[in-house]
Amino acid sequence: MQSELSIVWIYPDLLSTYGDQGNVLVLEQRARARGFRTRTVHVRSSDPVPEQGNIYLIGGGEDRPQILGAERLRKDGGLHAAVNRGAALLAVCAGYQIMGSVFGGEEGQPVPGIELLDISSGRGERRSVGELAAEVDPALGLPMLTGFENHMGVTRLGPGVRPLSRTIVGTGNGDGTEGCYAGRIIGTYLHGPALARNPALADLLLSSVAGPLPAIDDGWYQALRDERLAAVLPKSG
């Protein structure tokens, strides 16, 4: 097991809305609680994306920053190189759409993505805003996801990915699923930030590059999860 983990936050000057930078803080905290040293790099859109990181994160943003982010990632090539080398990636909302082949621009026009995931996205007829809860693919062994969504995206999954989860409350991809995953890449519409509300998802990213992790106290996280899930899940009976 390696003793230092490199975390790369991509384009905080373009894609960092709805608290998504909190995902970086959660990964740092949970790695350090296991005895890892962490080194975090904030990559502005004018800078090259380093290829030697362990975990990469990219967040949500408005239409124009999303288009600019996609253009710069396509030209840069560093994220592709990192993923091909075995790095993990969490892509949220606008960042999730960028990872596919195409997404909807300011007027709904198709904009090329960077083709790291076998997905395509467009604009739906209405904005989805509110709490989301979803049952995770059993193959991942994770508890129910909880988060907040704010998007007009409709995302179609190709055969090269699997749905991350199936929605109980909320819209997600628009077809009853939420997010997707392939290898060490996870895409999701969940804000919140997602990893604060889903610590097991943070640990999945960490363990994918660092190996098995010892348990830590998750009391604060569990209290947050319990409060949000109780507020949004349908009441039985």
Side-chain angles (χ1 to χ4, degrees), residues 20 23 26-27 30 54-60 83-84 86-101 103 113-122 124 128 130-151 153-213 215 218 221-222 224-226 228-230 232-234 236:
D20 292 331
N23 292 325
V26 171
L27 281 177
R30 296 186 73 79
N54 299 118
I55 302 176
Y56 292 72
L57 302 103
I58 186 168
V83 168
N84 290 338
L89 167 65
L90 175 67
V92 175
C93 201
Y96 169 39
Q97 294 180 352
I98 285 172
M99 297 303 127
S101 60
F103 60 90
I114 68 171
E115 298 186 338
L116 269 179
L117 286 171
D118 184 13
I119 64 173
S120 60
S121 300
S128 298
E131 291 288 320
L132 190 148
E135 291 279 6
V136 182
D137 184 339
L140 296 178
L142 301 182
M144 186 180 299
L145 293 179
T146 168
F148 181 85
E149 62 180 341
N150 184 353
H151 64 94
V154 175
T155 297
R156 294 165 291 278
L157 309 186
V161 300
R162 295 185 65 173
L164 177 63
S165 58
R166 302 209 171 261
T167 55
I168 299 173
V169 176
T171 301
N173 295 326
D175 63 352
T177 68
E178 201 299 301
C180 74
Y181 71 98
R184 295 176 176 176
I185 306 176
I186 295 172
T188 180
Y189 278 109
L190 292 179
H191 300 288
L195 299 187
R197 293 174 62 162
N198 301 283
L201 188 60
D203 288 350
L204 178 66
L205 290 164
L206 289 169
S207 64
S208 71
V209 298
L213 302 172
D218 273 337
Y221 292 98
Q222 192 58 50
L224 173 63
R225 286 178 51 79
D226 291 346
R228 295 317 306 150
L229 289 171
V232 303
L233 287 178
S236 60

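Bear in mind the structure is a predicted one, so any value in this text is a computation, not a measurement.
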Qualifying residues under side chain to side chain donor-acceptor pair (under 3.5 Å), relative to [X], sequence neighbours excluded:
| X | answer |
| --- | --- |
| T171 | S128 |
| E115 | none |
| R162 | D137 |

Which atom names give the shortest non-hydrogen contact between [X] and [Y], and what distance separates them?
| X | Y | value |
| --- | --- | --- |
| R225 | N198 | NH1-OD1, 3.0 Å |
| A133 | V232 | CB-CG2, 4.3 Å |
| E178 | G172 | CG-CA, 3.7 Å |
| A87 | Y56 | CB-CE1, 3.6 Å |
| G60 | D20 | N-OD2, 2.8 Å |

Quick one: side chain to side chain contact (heavy atoms under 4.5 Å, CB included) partners of R30, sequence neighbours excluded? V26, R34, P199, A202, D203, L206, I216, D218, Y221

Can you list everything that forms a side chain to side chain contact (heavy atoms under 4.5 Å, CB included) with D118? Sequence neighbours excluded, please. P159, V161

Quick one: are L190 and E149 in side-chain contact, heavy atoms under 4.5 Å? no

Kindly indicate whether the side chain of C180, heavy atoms from C-beta on, has any atom under 4.5 Å from the side chain of I185. no

Sorted by first residue and then second, give each salt bridge (charged side-chain N to carboxylate O under 4.0 Å, His left out) pair with at least one member in residues 86-100; sequence neighbours left out. none

Sequence neighbours left out, what pairs pass salt bridge (charged side-chain N to carboxylate O under 4.0 Å, His left out) with at least one residue falling in residues 180-196? none

Nearest-0.5 Å distance, [atom1] of residue [X] to [atom2] of residue [Y]:
| X | Y | atom1 | atom2 | answer |
| --- | --- | --- | --- | --- |
| L229 | L224 | CG | CG | 9.0 Å |
| L157 | S121 | CG | OG | 8.5 Å |
| L89 | I55 | CG | CD1 | 10.5 Å |

Side-chain donor-acceptor contacts of residues 91-98 below 3.5 Å, not counting sequence neighbours, with atom names and distances?
| unit_1 | atom_1 | unit_2 | atom_2 | d |
| --- | --- | --- | --- | --- |
| Y96 | OH | N173 | OD1 | 2.9 |
| Q97 | OE1 | Q66 | NE2 | 2.9 |
| Q97 | NE2 | Y189 | OH | 2.9 |

Backbone of [Y] reached by a side-chain donor or acceptor of [X] within 3.5 Å:
| X | Y | result |
| --- | --- | --- |
| T155 | S120 | no |
| D175 | R156 | no |
| T188 | G179 | no |
| T177 | R166 | no |

Show your working on side-chain contact (heavy atoms from CB on, under 4.5 Å) between L205 and L195 and close with a plain yes or no. CA-CA 10 Å; L205 290 164; L195 299 187; 4.2 Å; yes

Please tabulate, one pair per line, all N/O donor-acceptor pairs under 3.5 Å involving side-chain atoms of residues 139-148, not counting sequence neighbours.
| unit_1 | atom_1 | unit_2 | atom_2 | d |
| --- | --- | --- | --- | --- |
| T146 | OG1 | R197 | NE | 3.4 |
| T146 | OG1 | R197 | NH2 | 2.8 |

